[in-house]
Amino acid sequence: MIRAIITDIEGTTTDIRFVHQVLFPYARERLAEFLRTQHEQPEVAAALDALRAEIDRPQASVEALTEKLYAYMDGDVKSTALKVLQGIIWRSGYENGDFRGHLYPDVAPQLQAWHQQNLRLCVYSSGSVEAQKLLFGYSDEGDLTPLFSDYFDTRVGAKRETESYQNIAEQLILPPEDLLFLSDIRQELDAARLAGWHTCQLIRDDADTLSDHLQVNRFDQIALETFL
Ligand SMILES: CSCCC(=O)C(=O)COP(=O)(O)O
Ligand SMILES: [Mg+2]
C-alpha cells in the first residue's frame with residue numbers, strides 16, 4: 001500500500017519553462033554581483049567551500065568559482081553548491097514578488113486530497129531544499145509547505161542513482177514498496193524502480209515512447225490502488 005508520495009518538481013508539478021525561463025535567468029543575471037558582495041556571508045561562504053570541495057580546488061578564488069558556476073549553469077549541471085546558491089538568490093525574487101512558484105492546476109487539489117487521506121507527501125528535486133520550500137511556499141496556489149513532511153535534494157544523491165532512493169527510504173523509515181515516485185524523467189524513474197519503489201511518469205509535454213513506466217498527464221489521473 002502506498003504510504004508516501006515523493007514528487008519531482010521540474011516537469012512534474014511545475015512547467016519546465018518556469019524553471020528555465022524565469023528561475024535560471026534570474027539567478028544567472030544576479031550571480032556575479034551576488035558573489036562579489038556576499039561571498040563572506042556564512043551561508044554563501046559555506047556553499048563556496050562546498051564548491052571548492054566538489055572541484056577539488058581548496059584554494060580557488062571567488063572569481064574562479066564564479067566562472068565555474070557559469071559553466072555549470074551553461075551545462076545545467078546539478079551541482080549541490082550551485083543549487084544552494086541559486087536558492088539563496090531566488091529567495092529575494094520570491095520575497096519581492098518578482099515571481100511565484102508555478103504549479104500545474106491539477107497539482108494543489110490532488111496534493112490536498114492525498115494529505116487529507118493521511119499520505120505522507122515529500123519532494124525530491126535537484127533544486128536545493130530551500131529552493132523547494134520557496135517554490136511551494138510562494139506558489140501560484142499559496143503556501144503549500146504545510147502539506148509536505150520531508151524534502152530531499154542532491155545531498156541524498158543524484159536523481160538517476162538508485163542509491164539516492166535507498167537513502168530516501170531509509171530516512172523516511174518506510175519500506176520501498178510503500179513509496180511512489182512521480183517524475184517526468186524516465187531515467188529517474190528507472191533508478192527509483194531499481195530501489196523497489198513504485199513509479200509514475202508525468203507527461204506534461206512530449207510523449208516518451210521509450211518508457212515502460214505507468215504514464216499520466218495530470219495528478220488527478222493517478223490512482224493509488226493501481227500500485228499493489
Ligand atoms: C526547486 S525548483 C528549481 C529546480 C532546479 O533547480 C533544477 O535543477 C531542477 O532539476 P530536477 O532534477 O528537479 O529536474
Ligand atoms: Mg523533472
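Just so you know, ligand 1 is whichever comes first in the structure, and atom 1 is the first atom listed for that ligand. All values below were derived from every heavy atom in this structure, side-chain atoms included, with hydrogens, water molecules and symmetry-related copies excluded.
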Just checking, is any N or O donor in the side chain of [X] or [Y] under 3.5 Å from an acceptor N or O on the other one?
X	Y	value
Glu54	Thr80	no
His198	Asp178	no
Asp98	Tyr26	yes

Exercise for review: Just the protein N/O/S atoms under 2.8 Å from the Mg ion (ligand 2), please, no waters.
Suggested key: Asp8 OD2, Glu10 O, Asp184 OD1
Review point. Angle class for the Phe181/Trp197 ring planes (parallel below 30°, perpendicular above 60°, tilted otherwise)?
Key: perpendicular
**Study point:** Verdict with reasoning, His102 to Tyr104, per ring-ring contact (aromatic ring centres under 6.0 Å, His included)
**Key:** CA-CA 7 Å; His102 174 266; Tyr104 287 110; 5.2 Å; yes
Pick out the protein N or O atoms lying less than 3.5 Å from any N or O of ligand 1, and list each pair with its distance.
residue, atom, partner, partner atom, Å
ligand 1, 6 (O), Lys83, NZ, 3.0
ligand 1, 8 (O), Lys78, NZ, 2.8
ligand 1, 8 (O), Lys83, NZ, 2.8
ligand 1, 10 (O), Lys78, NZ, 3.1
ligand 1, 12 (O), Ser126, OG, 2.4
ligand 1, 12 (O), Lys159, NZ, 3.2
ligand 1, 13 (O), Asp8, OD1, 3.2
ligand 1, 13 (O), Ser125, OG, 3.0
ligand 1, 13 (O), Ser126, N, 3.3
ligand 1, 13 (O), Lys159, NZ, 3.0

Practice item. For Asn217, check side chain to side chain contact (heavy atoms under 4.5 Å, CB included) against everything at least two apart and list the hits. Key: Ile203, Gln221
Check your understanding: Who pairs with Gln110 by side chain to side chain contact (heavy atoms under 4.5 Å, CB included), at least two apart in sequence or on another chain?
Key -> Ala113, Trp114, Phe219, Asp220
Check your understanding: Of all heavy-atom pairs between Asp184 and Thr12, which one has the smallest distance, and what is that distance?
Key -> N-OG1, 3.1 Å
Exercise for review: For this output row, return yes or no: ring centroids of Tyr165 and Tyr124 closer than 6.0 angstrom.
Suggested key: yes
